[in-house]
Number of protein chains: 2
Amino acid sequence: MRKVDPVKYEERRGGILEAAERCFARHGFHGATIAQICAEAGISPGHLYHYFETKESIIAAIADSELEYAKSRSAQMLESSNLIAALISEIELVNIRHKETGPGVLLDMLAAAGRNAAVGNILRENSASVCELLAEHLRSGQASGQIDAGLDADTAAAVLLSLIDSSKTLSIRVPNLDPKKRSKALEQLITRFLSPPGAHAQTTVGSVIVEGDKTSASAQAVTTQNSA
Amino acid sequence: MRKVDPVKYEERRGGILEAAERCFARHGFHGATIAQICAEAGISPGHLYHYFETKESIIAAIADSELEYAKSRSAQMLESSNLIAALISEIELVNIRHKETGPGVLLDMLAAAGRNAAVGNILRENSASVCELLAEHLRSGQASGQIDAGLDADTAAAVLLSLIDSSKTLSIRVPNLDPKKRSKALEQLITRFLSPPGAHAQTTVGSVIVEGDKTSASAQAVTTQNSA
DNA sequence: AAATAGATCGAACGACCGCTCTAACTATGG
DNA sequence: CCATAGTTAGAGCGGTCGTTCGATCTATTT
């Protein structure tokens with residue numbers, strides 16, 4: 001008898017997922033076909049269905065892995081720098097990714113979430129856990145006085161999460177914005193939102209270091225001087 | 001001979017467009033079928049193709065009318081109240097619409113814009129003109145001292161526009177937010193972003209009244225108190 | 001009222017979709 | 001070195017999609 005090699009299996013499955021993601025990014029969830037995914041992965045349709053039950057399940061798996069990846073990335077950034085810098089880094093990274101590899105599947109996921117229960121649940125669960133992460137950091141910032149204690153941490157966390165999404169829609173709607181001006185505005189938006197009232201001494205964000213897959217981009221600190 | 005009645009023609013066309021929008025909202029651009037649109041509009045497929053060349057052209061027409069409507073609504077709100085109140089009203093309205101009639105087609109448009117050149121051009125053109133509108137109001141606010149003169153008006157306008165989008169993604173990702181807390185956070189976000197530095201006197205937004213279906217929304221003026 | 005051009009219908013076409021099924025192939029355990 | 005279970009292929013099935021087309025109906029014009 002022969003045994004199934006779980007390493008090879010997971011490898012193949014991952015390969016199909018990557019191929020599917022490229023196809024979905026190019027044509028959308030509905031627009032991409034099984035045949036295209038098979039061609040991209042270099043396998044036959046019969047074979048694909050040994051790894052996934054339906055096209056829907058591929059979509060769900062993509063949504064899951066994509067969001068899980070974004071979450072772990074955010075968690076990593078929050079560990080290695082302060083909240084505001086981490087948020088800006090994340091937004092900056094989303095922007096770079098968008099320029100290099102196109103819009104990706106995030107917006108498709110958001111659109112699908114309203115119609116596809118599986119995707120909707122995955123998205124809401126993931127969002128909730130990212131919110132919790134952000135809220136914790138917000139609360140600790142409030143305790144140390146760096147963040148306005150008057151803000152409701154949970155609500156602010158949700159708003160900040162949606163702010164990351166908005167950087168994606170901004171890239172699509174207004175693609176020719178000067179990246180420097182854009183970064184500065186985003187930083188001001190976030191900083192002013194979170195800073196304690198009266199602390200109009202603009203906090204200086206240290207060097208924001210983004211390490212990506214293939215990309216390593218770094219944004220210089222922005223120092224905003226205010227009147228006394 | 002018989003002549004084509006342009007009134008009846010435009011009426012029918014509009015009816016098809018409305019039916020199509022409902023279908024697209026329910027199933028997405030790819031998911032909705034011509035047959036569904038025909039059923040919803042109460043016509044035959046043969047007849048539909050006397051009004052639109054292809055399904056693509058229906059999608060483009062929907063994108064155009066939807067964005068044009070959003071633009072005129074924003075313009076109207078900006079006329080009848082100050083910038084900050086208008087933005088909050090618009091976001092509030094988007095939120096109410098979302099609760100009542102579902103997510104709509106905005107996210108589908110944003111996702112499609114990256115793949116469909118026609119939709120992309122319509123979206124970018126519309127966004128540019130809304131940005132210009134917002135930027136003008138920003139500049140006049142800067143001139144009168146209500147808005148931070150240090151902000152780059154064009155960039156800030158783009159950021160504000162994407163902020164309206166983000167309220168849509170927020171509704172989808174975190175649907176159970178307390179609307180009151182949410183509104184307050186959004187208001188703080190926008191107010192703090194736009195207020196001149198040092199004007200930490202919390203602005204109070206008067207009652208923001210949004211009336212639903214066919215929607216005539218009016219927002220009361222915001223009184224911004226500045227320190228001397 | 002006959003003529004005629006636009007309005008409307010619905011069957012049907014060709015292409016393509018997600019998915020299944022059978023059959024061949026291949027590596028491994030005994 | 002068979003036997004066997006996992007692997008892979010690809011033709012093709014039933015169905016649906018966007019679109020077309022010929023026919024019928026209807027209102028206007030003269």
Side-chain angles (χ1 to χ4, degrees), chain A residues 1-24 26-63 105 108 112 115-119, chain B residues 1-24 26-63 105 108 112 115-119:
Chain A
M1 309 158 204
R2 211 175 145 191
K3 291 209 176 156
V4 40
D5 182 346
V7 176
K8 266 268 188 267
Y9 182 88
E10 220 53 50
E11 217 169 82
R12 272 257 182 248
R13 205 185 122 100
I16 295 171
L17 238 32
E18 283 175 30
E21 187 175 343
R22 287 192 292 273
C23 291
F24 288 146
R26 277 199 286 273
H27 304 108
F29 286 146
H30 269 97
T33 71
I34 296 288
Q36 288 170 340
I37 295 170
C38 288
E40 182 86 21
I43 61 168
S44 68
H47 195 191
L48 182 142
Y49 279 90
H50 282 220
Y51 292 90
F52 296 95
E53 301 224 329
T54 61
K55 187 186 179 184
E56 281 286 303
S57 72
I58 303 179
I59 293 173
I62 292 275
V105 296
D108 297 87
R115 300 168 192 128
N116 179 321
V119 174
Chain B
M1 311 160 203
R2 211 175 146 191
K3 292 214 178 151
V4 38
D5 181 347
V7 176
K8 266 268 187 266
Y9 182 88
E10 219 54 49
E11 216 169 84
R12 271 260 181 246
R13 207 185 121 101
I16 295 170
L17 239 31
E18 282 175 31
E21 186 176 343
R22 286 192 292 271
C23 292
F24 288 145
R26 276 200 287 273
H27 307 292
F29 287 146
H30 269 98
T33 70
I34 296 288
Q36 288 170 339
I37 295 171
C38 287
E40 182 86 22
I43 60 168
S44 68
H47 196 192
L48 182 142
Y49 279 88
H50 281 219
Y51 293 91
F52 295 95
E53 301 224 328
T54 62
K55 188 186 180 185
E56 281 286 302
S57 71
I58 303 178
I59 293 173
I62 291 276
V105 296
D108 298 86
R115 300 169 193 128
N116 179 320
V119 174

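Each chain gets a letter, A, B and so on, in the order the sequences are listed, and its residues count up from 1.
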Check each residue of residues 47-56 of chain B for a non-hydrogen atom within less than 4.0 Å of any atom in DNA chain D, then write out the ones that pass by number, or none. B:Y49, B:T54, B:K55
Contact residues, residues 29-37 of chain B to DNA chain D [heavy atom, < 4.0 Å]: B:A32, B:T33, B:I34
Can you list the steps and then say if B:I62 with B:F24 is a side-chain contact (heavy atoms from CB on, under 4.5 Å)? CA-CA 9 Å; B:I62 291 276; B:F24 288 145; 4.0 Å; yes
Between B:R12 and B:H50, does a side-chain contact (heavy atoms from CB on, under 4.5 Å) hold up when you go through it step by step? CA-CA 11 Å; B:R12 271 260 181 246; B:H50 281 219; over 6 Å; no
What is the distance, rounded to the nearest whole Å, between atom CZ of A:R2 and atom C1' of D:dG6? 5 Å
Can you measure B:I43 atom CD1 to C:dG10 atom C1' for me and round it to whole angstrom units? 13 Å
Please walk me through it: do A:F29 and A:K55 pass side-chain contact (heavy atoms from CB on, under 4.5 Å)? CA-CA 9 Å; A:F29 286 146; A:K55 187 186 179 184; over 6 Å; no
Applying side chain to side chain donor-acceptor pair (under 3.5 Å) to B:R22 and not counting sequence neighbours gives B:E40
Contact list for residues 27-39 of chain B, test side chain to side chain donor-acceptor pair (under 3.5 Å), sequence neighbours left out: none
DNA chain C contacts among residues 6-19 of chain A, heavy-atom distance under 4.0 Å: none
Closest heavy-atom contact between [X] and [Y]?
X     : Y     : value
B:L48 : B:C38 : CD1-SG, 3.8 Å
B:A61 : B:L17 : CB-CD1, 3.9 Å
B:R13 : B:Y51 : NH1-O, 3.6 Å

Contacts of type side-chain contact (heavy atoms from CB on, under 4.5 Å), residue B:E11, not counting sequence neighbours: B:V7, B:K8
How far apart are the C-alpha atoms of A:D108 and B:R115, what are their side-chain angles, what is the distance that settles it, and do they pass the side-chain contact (heavy atoms from CB on, under 4.5 Å) test? CA-CA 12 Å; A:D108 297 87; B:R115 300 169 193 128; 2.6 Å; yes
